[in-house]
2 protein chains.
Amino acid sequence: MKKDLSTEEKIKAAAKEVFISKGFSGCSTREIAKASGMNVALVNYYFRSKSELFKLVFHGAMEDFVNSMVNVFSSDAPLEQKIRLVIEAEYDFLSTHPELPAFIVNEMSREEGCQIDTTFFDKILSTGIFDECTKAFEEGRMRKIDMANLTLLIMSNCDFPFMSKNLMKAVHKISDEELNERLIAHKEIVIEMLITYLFPQKTNK
Amino acid sequence: MKKDLSTEEKIKAAAKEVFISKGFSGCSTREIAKASGMNVALVNYYFRSKSELFKLVFHGAMEDFVNSMVNVFSSDAPLEQKIRLVIEAEYDFLSTHPELPAFIVNEMSREEGCQIDTTFFDKILSTGIFDECTKAFEEGRMRKIDMANLTLLIMSNCDFPFMSKNLMKAVHKISDEELNERLIAHKEIVIEMLITYLFPQKTNK
DNA sequence: AACTATTTTAAACAAGTGTTTAAAACGAAT
DNA sequence: ATTCGTTTTAAACACTTGTTTAAAATAGTT
């Protein structure tokens with residue numbers, strides 16, 4: 001039968017959960033220790049310091065975050081389909097990891113924060129998706145748009161809905177369940193809106 | 001000639017700046033005191049506690065945040081124009097307050113966080129903008145959409161670009177200036193995309 | 001001037017922070 | 001059983017945290 005998680009793994013798992021939901025400065029080493037069932041000394045025994053442990057967690061979070069996109073972009077689907085699929089993939093992924101975008105965006109803005117490992121973004125680049133877009137609008141198959149703006153369009157409409165869950169619940173005075181239904185519907189809205197905007201040559205419905 | 005700011009005002013101003021850029025748990029009472037040129041005791045003398053001071057700052061931030069929308073919605077412009085204008089207003093507002101959306105979204109997700117004063121959102125409601133939309137798509141002048149989804153569409157595309165500045169700079173390896181140019185361009189993209197999506201009856205370009 | 005209420009200060013409080021220490025418990029190998 | 005390296009523990013370290021105290025400085029009024 002499978003062995004239990006090692007102490008090191010238990011701590012890292014607990015750290016991931018705590019860091020992602022409370023942020024680096026929103027939690028203490030002792031809180032992570034307690035959440036993992038261990039004690040403070042063990043945390044530093046295995047990971048040297050709170051910051052080192054955080055770097056590991058952040059790195060992992062980034063990896064998860066980027067991979068869900070890379071998988072889609074690496075496929076051999078036609079461009080329009082890739083855009084559809086990446087939105088679907090993001091919504092699916094974020095349904096199980098709703099706290100990730102806020103975590104990443106926030107921690108990237110911390111002063112002492114993450115001088116980030118840009119390998120992640122090179123991974124996106126190396127899928128050739130940007131070149132594919134450039135070619136597509138040179139051939140008139142897609143609306144011309146700067147890659148930064150395209151990235152913003154996709155991420156805004158995928159990530160923000162999950163980042164703003166608590167705000168939305170307050171604004172519209174709705175429950176978690178109701179909000180989740182809205183999010184499911186929102187995926188389709190975003191897909192249609194973005195596809196229509198980016199590929200306007202479609203002559204009609 | 002104008003008197004200097006009072007001690008109380010100086011502290012509140014410093015608190016606003018520090019809280020908004022670092023978050024509640026990202027800063028200390030002493031940091032706020034130092035930023036205002038005062039000492040710790042004065043902070044609690046005027047504001048009772050860190051939490052009380054924070055509530056005040058958060059309340060003010062919310063007010064600013066909501067007001068920029070309310071002003072537009074209260075105007076007598078036609079609906080489509082209102083949507084255009086609210087996006088313009090948001091981008092203008094956020095250009096000078098880029099940290100606000102992240103601050104609000106984050107602090108709304110804190111555990112001990114802001115059991116929020118829903119007055120703010122009632123203010124939006126009372127502009128009648130939602131009723132106006134309902135009527136508009138009953139008359140076929142606008143695409144039918146749930147109000148939560150409409151709110152999400154607008155806020156996603158206005159707020160996220162400013163929240164993700166540091167992420168975007170890292171992803172695309174661009175400077176502040178370059179990013180700001182992208183944001184200016186993004187405003188127009190968002191306006192066209194949203195208007196086209198929400199008011200699709202336009203027969204052509 | 002003297003008295004009062006308000007404002008400011010430096011110092012202290014207990015509790016919490018990240019981190020380290022040094023000893024104990026453990027596991028595997030001889 | 002003894003040794004060894006690894007893992008775990010409890011305790012302590014120095015420092016920061018939010019908050020309070022009690023005295024000092026200031027301003028206002030008579």
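Everything numeric in this text was worked out from a predicted model, so none of it was measured. For the numbers below, each heavy atom of this structure counts, side chains included, while hydrogens, waters and symmetry mates do not. To find a chain, count down the sequence lines: A is the first, B the second, and so on, and within it residues start at 1.
Regarding A/Lys34, its NZ atom lies at a distance of 19 Å from the P atom of D/dT8, rounded to whole Å. Distance, B/Met38 CE to D/dG18 C1': 20 Å, rounded to whole Å. Atom pair A/Leu42:CG and D/dA10:C1' shows a separation of 11 Å (rounding to whole Å applied). Atom C1' of nucleotide C/dT7 and atom CZ of B/Phe47 are separated by 14 Å, given to the nearest angstrom. Nucleotide D/dT7 holds its P atom 14 Å from the NZ atom of A/Lys10, rounded to whole Å. Nucleotide D/dT17 holds its P atom 8 Å from the CD atom of B/Glu31, rounded to whole Å. In this structure, B/Glu52 places its CD atom 11 Å from P of D/dT20, rounding to the nearest Å. The separation between B/Tyr45 atom OH and D/dA25 atom P is 17 Å, rounded to whole Å.
Nearest to the side chain of B/Lys50, among D/dT21, D/dG18, C/dT21, sits D/dG18. Checking C/dT8, C/dT9, D/dT7 against every side-chain atom of B/Ala41, the shortest atom distance belongs to C/dT9. Nearest nucleotide to the A/Arg30 side chain, out of C/dT9, D/dG18, C/dT17: C/dT17.
A 4.5 Å side-chain heavy-atom check between B/Ile20 and B/His97 finds every atom pair outside the cut-off. Annotation: side chain of B/Met163 is in contact with side chain of A/Phe160 (closest heavy-atom distance under 4.5 Å).
For the pair B/Ser28 and D/dT17, the criterion of a side-chain N or O lying under 4.0 Å from OP1 or OP2 is met. At C/dT8, one or more side-chain N or O atoms of B/Thr7 fall inside 4.0 Å of OP1 or OP2 (strictly under the cut-off).
Place B/Phe24 and A/Val40 on DNA chain D by their nearest nucleotides, and A/Val40 ends up nearer the 5' end. Along DNA chain C, the nucleotide closest to B/Tyr46 and the one closest to A/Asn44 are compared, and the more 5′ of them pairs with B/Tyr46.
Among the protein residues, A/Ser51 comes within range of no part of the nucleic acid, since none of its heavy atoms lies under 4.0 Å from any strand.
Between the side chains of B/Glu177 and B/Ser175, at least one donor N or O lies within less than 3.5 Å of an accepting N or O.
Atom CD of A/Glu31 is surrounded by more than 12 heavy atoms from other residues, nucleotides or ligands within 6.0 Å.
Ring-plane geometry between A/Phe19 and A/Phe24 is classed as parallel, the angle between the planes falling under 30 degrees on a 0 to 90 degree scale with a further cut at 60.
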